[in-house]
Amino acid sequence: MKRAIYPGSFDPVTNGHLDIIRRSANIVDELYVAVLNNSAKNSLFSVDERVSMLEELIVDLPNVKVVSFQGLLVDFAREIGATIIIRGLRAVTDFEYELQIAQTNHVEYDEIETVFLTTSLQYSYLSSTIVKEFAAYGGDISHFVPEQLIDRIYQKYGIKKGEKHE
Ligand code: PNS
């Protein structure tokens, strides 16, 4: 049984994250999408909001669970019996940081392997930060996030339906 963990901030979840979730669910037996509960980080959505948005989006994936975690990722991976960490790589600029984390995590927990999925080409530019920047100015985010999240994101910036870019 291969149990994997796909950790992240998911603030908010983007089409790029969903693509990685779907593709990794195809290659492992069980996938835990793990939302980092980091009180120090100034998040747009609460952890509970992020977990419930993700849960809505993975209803058709029976081997995927959404959880939140605090503290070190390797400790949480050990606790749930995961031996694979999934991370998406968008561009070469992601690589240095991801390599450092993957190697550190492996030193801390030698049973854990990090598996990198290269982001699908159509999402290679996408990040939660870009989504927030566009949304904050009422820009069109319909290509970046699932349809059912669009209004929830605009609401965080006090933008009502009709005021945003259509
Ligand atoms: O979506 P993100 O912000 O790129 O995800 C980063 C995340 C959550 C994977 C990373 O910050 C993390 O694992 N945090 C938990 C704390 C930890 O284990 N840190 C050690 C690696 S530096």
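Each ligand, and each atom within it, is numbered from 1 in the order the structure gives.
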Atom 14 (N) of ligand 1 [closest protein heavy-atom partner, distance rounded to 0.1 Å]: L36 CD2, 4.0 Å

Ligand 1 contact on I101 by region, counting heavy-atom pairs under 4.0 Å: side chain

Positive for side-chain contact (heavy atoms from CB on, under 4.5 Å) with Y123, one of L18, I20, D19: D19

Atoms of ligand 1, numbered as shown, that sit under 4.0 Å from any heavy atom of L73: 13 (O), 17 (C), 18 (O)

Other residues, nucleotides, ligands: >12 heavy atoms within 6.0 Å of Y125 OH: yes

Atom 4 (O) of ligand 1 - nearest protein heavy atom and its distance: R87 NH2, 3.0 Å

Verdict with reasoning, E30 to K2, per side-chain contact (heavy atoms from CB on, under 4.5 Å): CA-CA 6 Å; E30 264 184 5; K2 293 275 175 227; over 6 Å; no

Distance-only N or O hit between ligand 1 and P7, under 3.5 Å: no

Beyond-backbone contact of V33 with V67, side-chain heavy atoms, under 4.5 angstrom: no

Criterion side-chain contact (heavy atoms from CB on, under 4.5 Å) on L36 and F69, from CA distance to verdict: CA-CA 5 Å; L36 176 66; F69 75 104; 3.7 Å; yes

Geometric N/O contact S9 with ligand 1, under 3.5 angstrom: yes

Full working for side-chain contact (heavy atoms from CB on, under 4.5 Å) between L89 and T119: CA-CA 6 Å; L89 277 184; T119 305; 5.5 Å; no

R78 NZ/CZ over Y109 ring centroid, <6.0 Å and within 45° of normal: yes

Under-4.0 Å heavy-atom contact between protein and atom 10 (C) of ligand 1: no

Geometric N/O contact N105 with ligand 1, under 3.5 angstrom: no

Subset of ligand 1 atoms that lie under 4.0 Å from at least one heavy atom of G71: 15 (C), 16 (C)

Side chain, backbone, both or neither: the part of Q100 lying under 4.0 Å from ligand 1 by heavy atom: neither

Sub-4.0 Å heavy-atom approach of L72 to ligand 1: yes

Under-4.0 Å salt bridge between R87 and D94: no

